[in-house]
Asker: 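To start, I am sharing the structure in question, which I have written as C-alpha cells.
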Amino acid sequence: MDQLDLTIRIAGENGEGVLTVGDVLAEALARSGLHIYTFKNLPAEIKGGASMTQVRVQDTPVRSPGDALDILMVWNQENYDIHVGEVKPTGVVIYDPDECDADESLALTQIGVPLQTITKTVIKTMKSKNVLAFGILTACLGIPFDSAKQMVSESRWGRRKEFLESNINALKQAYVYVDENGIDLGLRVAVERKNGHAQLIMTGNDALCMGALAAGCRYYAGYPITPASDVMETLAKAMPRVGGVLMQTEDEIAAITASIGASFTGAKVMTATAGPGLSLMVEALGLATMEEIPLVVVDVQRGGPSTGMPTKTEQSDLNLAIHGAHGEAPRIVIAATNTEDCFYTAVKAFNLAEKYQTPVILLSDQHLSQRAQVMSRPDLSEVEIVERKQPELNGSVTPEEFDRYEMTDDYISPMPLPGRHGQHYVATGLEHDEHAHIDYSPEAHIRMTEKRHQKIESAVNEPGFVQRYGAEDAQLGLIGWGSSEGPILEALDRTLAKGYKVAALIFKMLHPLPEKEARAFIESIPVVSVVELNASGQFANYLQGRLAVSLQRFNIITGLPFKAGEIEEYIEGVLQYG
Amino acid sequence: MDQLDLTIRIAGENGEGVLTVGDVLAEALARSGLHIYTFKNLPAEIKGGASMTQVRVQDTPVRSPGDALDILMVWNQENYDIHVGEVKPTGVVIYDPDECDADESLALTQIGVPLQTITKTVIKTMKSKNVLAFGILTACLGIPFDSAKQMVSESRWGRRKEFLESNINALKQAYVYVDENGIDLGLRVAVERKNGHAQLIMTGNDALCMGALAAGCRYYAGYPITPASDVMETLAKAMPRVGGVLMQTEDEIAAITASIGASFTGAKVMTATAGPGLSLMVEALGLATMEEIPLVVVDVQRGGPSTGMPTKTEQSDLNLAIHGAHGEAPRIVIAATNTEDCFYTAVKAFNLAEKYQTPVILLSDQHLSQRAQVMSRPDLSEVEIVERKQPELNGSVTPEEFDRYEMTDDYISPMPLPGRHGQHYVATGLEHDEHAHIDYSPEAHIRMTEKRHQKIESAVNEPGFVQRYGAEDAQLGLIGWGSSEGPILEALDRTLAKGYKVAALIFKMLHPLPEKEARAFIESIPVVSVVELNASGQFANYLQGRLAVSLQRFNIITGLPFKAGEIEEYIEGVLQYG
Amino acid sequence: MAEVRTADTAKTTAPERSGQAGQSEPAEPAKPPKPSAKRTLKDYRSEVKPTWCPGCGDFGVLAALQRALAERNLDPRDVVIVSGIGCSGRLPEFVNAYGLHVVHGRALPAAQGVKAANPDLTVIAVGGDGDGFAIGGGHVPHAVRRNQDITYIVMDNQVYGLTKGQPSPSTPTGMQALRRSVSMPKMAPYEGVLEGQLNILAMVIVYGCSFVARTFSSQASEMAKIIGRGLDHPGFGFVHAMSPCPTFYNTYDPWKESFMPLPEDWDTGDRIKAIDMAMEEVGDGVFHSGVFFQDVYRTYTDKLQDVYAKAYGDEQATIDALMDQYA
Amino acid sequence: MAEVRTADTAKTTAPERSGQAGQSEPAEPAKPPKPSAKRTLKDYRSEVKPTWCPGCGDFGVLAALQRALAERNLDPRDVVIVSGIGCSGRLPEFVNAYGLHVVHGRALPAAQGVKAANPDLTVIAVGGDGDGFAIGGGHVPHAVRRNQDITYIVMDNQVYGLTKGQPSPSTPTGMQALRRSVSMPKMAPYEGVLEGQLNILAMVIVYGCSFVARTFSSQASEMAKIIGRGLDHPGFGFVHAMSPCPTFYNTYDPWKESFMPLPEDWDTGDRIKAIDMAMEEVGDGVFHSGVFFQDVYRTYTDKLQDVYAKAYGDEQATIDALMDQYA
Ligand SMILES: Cc1ncc(C[n+]2csc(CCOP(=O)(O)OP(=O)(O)O)c2C)c(N)n1
Ligand SMILES: Cc1ncc(C[n+]2csc(CCOP(=O)(O)OP(=O)(O)O)c2C)c(N)n1
Ligand code: SF4
Ligand code: SF4
Ligand SMILES: [Mg+2]
Ligand SMILES: [Mg+2]
C-alpha cells in the first residue's frame, strides 16, 4: 500500500461545532498510531463567520498543512462556496444537501449527507450533530464502527456519561447512513489503539509551555493576546502544580518588567505575547540587555501591522525582534520550527538566557502555536538544563570588592542573587562600569558595549540552530527560518524525488546570525532564495546586511501558512525558467 | 589675515556659571557677524560635577565642534586635569592659580588669572565672576572694551538694570587685569555689531520648533525627556501664540496616540522624544502606518541602550526608527544635519507626512539638538508647504460610496476630516479594505500591504535628501547620515586640500533608501566606508541589506560628536595603509 | 493631489481663537437632515452589522448611544467615536459617524487629541473594562485632569471578552468569579482570581471627574438618558455602562437583581457622598444606576481661551515674529 | 561557568511551598552583624555619595529609610530597593543593599516580580510623583490589587526634578504653580498648569490599599517611623513622602506651614473617613501626616499557599506527570 496521506477539511459556521469534529478526529487518529497535523482558519469574531478546520493524516510525521483536499465536508452553502475550489480532482466533497446546493458542473465526487435533517429527525439531539459528522468521516475513511466507537468514548464526547449514549447513537446512524447509501471511497485507514504514553498530541503552545517548565521556568507574567493567550492559560493551571507563580498583569509592560524583577532574584522567567505586546516590551527588552538579566520572551507572530489580523499567521515580527530597541541592545533571537521543536527550543531559550544573561526572544507564529501535531514524549533525563553563573557561596568577597560586570574571558560575569549572596549591587539601565556604578565615560561605554555585544555574538557557536538539507550539488538553495521548515522540507523531498537539485538551509537562530553556515551555503549554490511569510523579505534583508550577498526571495502574505505545493511550484519555476 | 578659526573651552563645576559664560560669548560673537558652533558636555546630575562648554568661532559657517583647543579656561583643578591634554601645542591655558596648580612640565602658554580672588576682593559680587571670566576672554581675543561692554549690555547680564553696573565693573576689572599684566595672545578678532535680523542664533531644537510651526504644526503632545524636553518647552511658549495646542501628556504612549487623534481631524501634529520614548511609541507608530495618518515624531538620539547616557550623543536609534514595528509597517525616516537644516528638515517632515499620509520619524541627536549655531533667517515666502489630499468639498459622494483607502495611481487616497467632510469612515488598525471595512482576506491584505509599501517607497524620489561631495575620481568614499555631515565635510575639505582623492555621500533620508544614489556612489569608488556614531554600524548594515554590497565602517562610541580631525585621520590612515 | 503653498501663509486662520488646531479652511456646509425630520436611531446605523455574540450587552449600549445621538440630532460628520481593542471596541464600526479605532488601551489619549485639535466635534470614547482599567488605566486620571468635553463610556462586563474570558480588573475576587463564569477558571483554576476588584466608579470620582454615572445595558431607555446627559455635560463625563458578556461571564441574572436606582433625593453635587456610596455599595452587593456626581468646572477648551488671550490677544503671531527672539 | 544538569531534576526543591520561584539551592548563611552590635544607619550607606542638589528633600527620605532599615536590623542582602527614573529614582544607589533601577515608571511591576519570585525578601519600591503617577500611574491600582508585602515610597515634590522642572500630576493647578516655581513657567508660561491636580493619597486608598500614610522629608524621625510602620505592615504599603525640590519648585516654606499631624484620635481602620480626610484637606490647604488607613488583608503570598494546597497538596508534580494530559 502507498504511504497514507489524506487531507480532510471540515467547514461550517463558527460556533456550530466543526472545530470540535476536527479536534476529535485528529486526536483519535493520533491515538491510533497515525501522525496528524491540524490547521484552523477562524474568523475574528467570537461567534459566527465561516470557520474551518483541517486534519492531515500520514503514517510518518506530517510537515505541512496539506495542499489540495482529499475530503471536504461542508455544513452550509457559504462554506461550500469558499472551499470547494480546493478539492483535488480525485477528491470527495461531503455536503449537506438540505443546507446547500452542490455545483453539478464540477468534475468531483460529491456526496450529499443530510446532516441537519438526520440529526433533527433521527437522533433528535442537536448536540450530537458533531458526532454524526464525525461518524460519516470515519466511515468514509473505512474505520470499523467498533474502533470509531472507542474513539468517541475516549473523546470529550465520552467524558460525560449522560451524553454518551446519544452520541454513540449518532455515530451508529452515521454508519447506517453510509452503509445504506452504499458510500465507499475505497479508503481503509488502518487504526490501532496505541498506549499513548510514548506519543503526545500537542499544539505548539502546549509544547512550548512544557519545555519552559522542564527548563525550570517558575515565574510567568503575561497579558492576554491572541494567539499567545493559551500559553498563559496552560501555565495558569500547570505552574502552581510545580510551585511556581503566574501573574496576569495589567499590560505587557508590567509583564516584562515583573519578569525582569523575578529574574533578578534568580528565578527562570518567561512572558509570551504577540506583535502588539512585543512592541510595548521593546523598552524593557533594552533594560534587560543593559542590566544583563536572563529573560525569555515568546512572540507568537500574527498578521500585522498594528492590530492587523489577530487570527492569521505571518513571519513579520523578525525586524522588531532583532532591531527593536533604541541604542545598541543586542539580544538572542531564535525560532521554533514545529510542535516538537517548540518543546526543545523553549528549553534552549532558557539555557541561552541563563548562560548568556540576556533576553532571548523565541519566535513562534499563529499557525505553529495552534496546530496540533503528534510528537514523541521527551525523555527528560536527556534534556540538558543550564544554570546561570553565580558567585561562590560562602565566598568572602565583599560588595565593595565585587564586580557584578567583571570583564571575564567569555564576557559573562557571575550574578549574585538577593537573599542568597552577600555581594549586593544595584542593577541600573544607565551606563555603568564593572562595579555596576554609573559611569558615562567613553571608556566605560566602550568596554560595556563590547561586553554586551561579544557575549551575544559568541552564542552563535551553540550547536543545533542551523541545519542543511538536500542535494550536495544543488542548483537552487532555499533558506527558511522557524515554522516554514516543514513545508520547505516537504517541497524539497518532492522536488528531489523528481530529480531537481535543490537544498535547504533552515535557521532556528536568527540573532546572532550563524554567518559561517549561511555563507558556505550561499557561496556553494548558484541561486539562493529566502522563503518567508512576510512582504519585505525581513530575513533576506538581514542576511544581505550581514553577509553583503544578493539573494532571491519567495514571499507569501496571505495570512495562511505555506503549503508544500506552493514551494514545490516555486522550485520548479525557478529551475525551469530561472 | 588667515581664516579665523578658534576653539575656546571654558570648564568648571556644574552650576557655577561656566555654561553662561560660554552662551554669552557665543551669542555675542554671533551678533558680531561671526559664525559660532557650541558644544557642551554636562554631567548627569542636576547640580555638581565637571561641566564644560566650548565655542568654536570662524568667519564662515562652522561645521564641527573643533578638534584641539586654542584657548582653555578652567576654574578649578579637576577641570584643569580633565581638559589640559586637549590644548593645541600653540594653545593657551587660562587657569585660576588660587584654585589649581598648573603642570609646569607642559610646553604650553599657561596664564594664571585669579578669577575667584579678584571677584571676592575687587568686584565683591560673586554673581559677577561670570562676567569677569567673559572679560578676560574677550580681552584675550583682542576685542576692544567698548565692544565687550556692548556685548554685556545686550546679553542676559544686561537685562536686569540693577545688576548691570556691577557687571560692567567686573568687565572693566578684566580688561584692567589683562592690561596690567601685559597679557597678549596676539589675537585681534574683528567684531562689528550686526543688525541681527538676517542671522539667527539657534540650537537644533530651536530651529526644529520654528520649522515645525512654519510648516503649520498646530498640535503637539509630548512627555519630558532629555535631550528632547526643550522642544516641548519652546513650543509651550510659542504654540499658543499661533493659536495651537500643546499638551504635556502622562507618558509617550499618550503623546503619540493623542497626536494621532489630532491628526485624524486634520491638524498637523508632532511629538518629540528620545530613545526610551521612541521605544514606547513603536506600537502606535504601527497604528499610524496602518490607518495612514500623518504624524511627525522627532527622536533626539542620546547614548543608549536603555536609560543609557541621557546627556551624551549617539546615532544608535536608526535600527529602531526603521525597523521598530511588529508586522510590515513602513514609515519615512529622515535625519537633520545641522542647525539650519533642522528648520528645513522639520518643514520637510511635515510635508512628507501630509503628502504620504504616514508617520515620519525625524532623527536628531543630543549634540545637534543642543549646540548653538548661526544660521540665515529663513525666507518664509520661499518655504513650500504641502497639505494633505482631501475629498472635494461639497462633493456628493456619500459615506457608503466613499473609499477612504481608494487605490489611486500614487497609492495615496483622499482623507476626509471630521467636522469638514461628509464622508465619515472608521479608521482601524485591523486589516481593512478600500472602504475601511475590516477584511482579513488574503486579497485585502495583499492589496493594502502593497499600498502602504509602495506609497512610502515612492517618497525616495523627493529631491534634496542625498548629496554627494568631493572628488569625482575618489579613491575613498565616506557615507554619513544626519549630524555627522559637518565633521565629514570638514575632514573632506582638509584632506582634499592635502591632495587626497576622497568623496562623501550624505543621507538625510534613511527610509525609504535612496538606492540609486547609494549604488552609484559605491560602485564608482574603490573603498567606501560608512561613518557613524554607533557600535554595530546600523546604517552600514542596512545599506548592505538593501544593496547587497560590502562596506567599510568607521564607528565611534564615546558619547561625543565626531571631531573633524578624527575623520581626517581615518581618511589618511585608509589611503596611506588601506 | 496634495496641495502646495508657502510657509508665510501657514498661519492658522481659525476665527476668533477657536482653538481649532490648523484647520485653515471652512468646513463643507452641513447637510441638514431631511426637511422637518429629526434624525432617528436608524440614521446612526452603519452598513456594518454588529459582530457581537447573540445576547451581548454591547447591543444595548450601541442602541442607547444611537438613540442619544438621534435625540440630539447631531450631524454624523461632527461626531467622532474613539475606541481601543476589545469586543466593546468594535462599537464605532457599527455607528454611522466618524470612528477612530486605535490600539488597546489608548482610546482616551486619542480622543483627547481629537477634541483638542477640533473642539467643535462631539467626541465619545468607548471601550471595555480591560481596555480602560488594565492596559489603559494610566490614562484615565489624566483624561479626567484635562476635563475636555468628552464622554467616556466604559462597557464593563468584568471580563476580557475578545480574548475569550480572562479576568479583568473589575472581576470579583476569589470564588465568586468561579461560580458564574464559563471561562474564568482557565486563568484562575484553583482559588479564583487572587487580586482585589477595582471600584472603577469610585476611582473616577476621586480623580476629579466632573460627571460620573452608572447604567445597565438591559435598561435601554435609562441608558440612553444617562448617555445623553453625559453628552450634554460640558466637561469630561464618565458613564459606567454595565454590559454583560453572556459568552464568557454571564452576569445577567445577578445584575438584574443587584441593580437599583440611586435614592430619589440623591444630591449629585456632593462628591464625598458619591465616593462613599460607590465604596459602600460593593459590600452591600448592589449597583446603583443614575448620575452619582456632576459639577461643572471650566473645560480645557475654556481655559485655553485665557491662554490665547495672554499669548497673542487679538492677532496670532507670525512665524517671523516668533523667530525674532533668536536674532 | 554556567552549571549544567538535566531536566528531570529541574523540579523546584523549595521547602514547604515557600512560593520561592525556582531557587533550587539554599542561600549562603547570613552574615550576622558584628557580635552584640545591631546594625546602624551607617551600615546602609553605600559607597556612592548622593548626587542630589544641596537641600533636596530626598536626602531626608534616604536617611529615614536607612534608619528604618537599621532599626529592623535587616541583612542588606535580604533587602531589594526597586526604582524607576527620576532624581528620587537614584535612591537605591545610595543604599547598601540590593537595588534594581529599572526604566521610567515601572518600579512597581519590577518590585512585584522580585517579591513574587522570592517572598522572603524585604522589597521596597521608591520613586517620584511623575514616575509613579504619570507614566507609571497605570500600575499602581494593580500593585494594590495584588497586596504583596511591598512598601512603596513616593517621593512627591510636585514636579519633574530630573528633567528640570516640568509640572507633574501632583502639581497644583493654575497660578499657584507660578508663584512658587522657578521653572514651571517654561511649560505653562501663560496661565500655569491647566490640568487638575491629582490627589494621589486618596486615589491609593480607593484602589484598596491596606496601608496608606503621609510624611514630610523635613520631619526626619517621624518619617523614619512611618516608613518603618510601612515595612512592618504585612501587605502593600503606600508612603506618601513629601520631599521638596528646592531647585525647580521650592515648596519648603508653604509645606512647613501646611503640614500637621492627623488628629490624635484618628481611626486608621475607617477607609471611608480616610478618603474624606484626604479629599477635604486639599480645600483646607493642609497636609496631614501619619497613617491614614491600615487594615490587614491576606497577602498574595498567603493566598498562593491555598492555591498550592489545591494544585499539588504535599508534593509538586513532575514535568512528566504534567505531560500526561497530552498523551
Ligand atoms: C497591546 C495589546 N495587548 C493585548 C491585546 C489583546 N486584547 C485585545 S482586547 C483585550 C481585552 C478585552 O477586554 P475588555 O477591554 O474588557 O473588552 P471586552 O472584549 O470585554 O469588551 C486584549 C487583552 C491587544 N490587542 N493589544
Ligand atoms: C520613557 C521615558 N520617558 C521619559 C524619561 C525622562 N524622565 C526621567 S525622570 C522623569 C520624571 C521625573 O520626575 P519624578 O518622577 O517626579 O522624579 P523626580 O526627579 O522629581 O524625583 C522623566 C520624564 C525617561 N527616562 N524615560
Ligand atoms: S465574547 Fe462576550 S463581550 Fe464579546 S461579543 Fe461575545 S458576549 Fe459580547
Ligand atoms: S532637581 Fe530637585 S529633586 Fe532633583 S536633586 Fe535637585 S532638588 Fe532634588
Ligand atoms: Mg470586558
Ligand atoms: Mg517629582
Side-chain angles (χ1 to χ4, degrees), chain B residues 196-197 200-202 206 210 213-216 218-219 221 238 240-245 247 249-251 253-254 257-262 264-268 283-284 287 347 354-355 377 380-389 393-394 400 418-422 424-429 437, chain C residues 1-12 14 17 19 21-23 27-29 31 46-48 76-78 80 82 92-93 96-103 106 109-114 116-118 120-121 138-139 142 146 304 307-308 311-312 316-317 319-320 322-324 326-327:
Chain B
H197 277 267
L200 304 176
I201 314 155
M202 286 191 172
D206 293 334
M210 293 303 123
L213 295 175
R218 291 298 178 274
Y219 182 82
R241 294 192 61 202
V242 294
V245 180
M247 280 182 174
T249 53
E250 55 274 21
D251 62 19
I253 298 178
T257 39
S259 301
I260 287 171
F264 180 72
T265 75
K268 295 191 181 176
E283 191 200 12
L287 177 74
V347 172
E354 296 292 324
K355 178 165 170 188
R377 178 188 278 263
L380 297 178
S381 68
E382 295 282 298
V383 175
E384 276 199 356
I385 302 298
V386 178
E387 304 297 335
R388 80 182 71 158
K389 206 194 254 189
L393 274 182
N394 302 317
E400 289 73 27
R420 187 152 192 240
H421 297 99
H424 39 267
Y425 70 103
V426 182
T428 177
H437 281 175
Chain C
M1 255 311 298
E3 225 186 294
V4 178
R5 49 201 181 98
T6 63
D8 56 357
T9 63
K11 212 178 92 181
T12 317
R17 300 203 297 264
Q23 286 253 357
E28 177 171 5
K31 280 210 200 90
S46 83
E47 300 161 85
V48 183
R77 88 179 60 179
D78 295 327
V80 182
V82 186
E93 247 195 300
N96 185 42
Y98 275 98
L100 182 56
H101 186 205
V102 298
V103 289
R106 319 301 171 189
Q112 291 171 73
V114 170
N118 187 347
D120 296 335
L121 299 171
H139 303 299
H142 300 278
R146 286 187 197 101
L304 270 182
V307 169
Y308 292 137
Y312 66 82
Q316 290 173 14
I319 309 300
D320 246 329
L322 293 179
M323 287 196 292
D324 283 345
Y326 303 103

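Here is the naming used below: chain letters follow the sequence lines, and residue numbers restart at 1 for every chain.
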Asker: Using the side-chain contact (heavy atoms from CB on, under 4.5 Å) criterion, which residues pair with A284(B)? Sequence neighbours excluded.
Answerer: I256(B), T257(B), I260(B)
Asker: Need one label for V80(C): side chain, backbone, both or neither, based on atoms under 4.5 Å from any heavy atom in chain B.
Answerer: side chain
Asker: Name the member of S259(B), G429(B), P240(B) that forms the most heavy-atom pairs with chain C at distances under 4.5 Å.
Answerer: P240(B)
Asker: Please state whether the side chain, the backbone, both or neither of A254(B) comes within less than 4.5 Å of a heavy atom of chain C.
Answerer: both
Asker: By a 4.5 Å heavy-atom criterion (distance strictly below it), what part of L121(C) contacts chain B: side chain, backbone, both, or neither?
Answerer: side chain
Asker: With a 4.0 Å cut-off on N to O distance, would you call R377(B) and D324(C) a salt bridge?
Answerer: yes
Asker: Is any NZ, NE, NH1 or NH2 atom of the basic residue among K268(B) and E354(B) found under 4.0 Å from an Asp or Glu carboxylate oxygen of the other?
Answerer: no
Asker: With a 4.5 angstrom heavy-atom cut-off, is it the side chain or the backbone of V48(C) that approaches chain B, or both, or neither?
Answerer: side chain
Asker: Can you tell me how far apart NE2 (H424(B)) and CG (D78(C)) are? Round to the nearest 0.5 Å.
Answerer: 10.5 Å
Asker: Suppose we screen for side-chain contact (heavy atoms from CB on, under 4.5 Å). Which residues come up paired with E47(C), at least two apart in sequence or across chains?
Answerer: E400(B), H435(B), H437(B)
Asker: What part of F264(B) lies closer than 4.5 angstrom to a heavy atom of chain C: side chain, backbone, both or neither?
Answerer: side chain
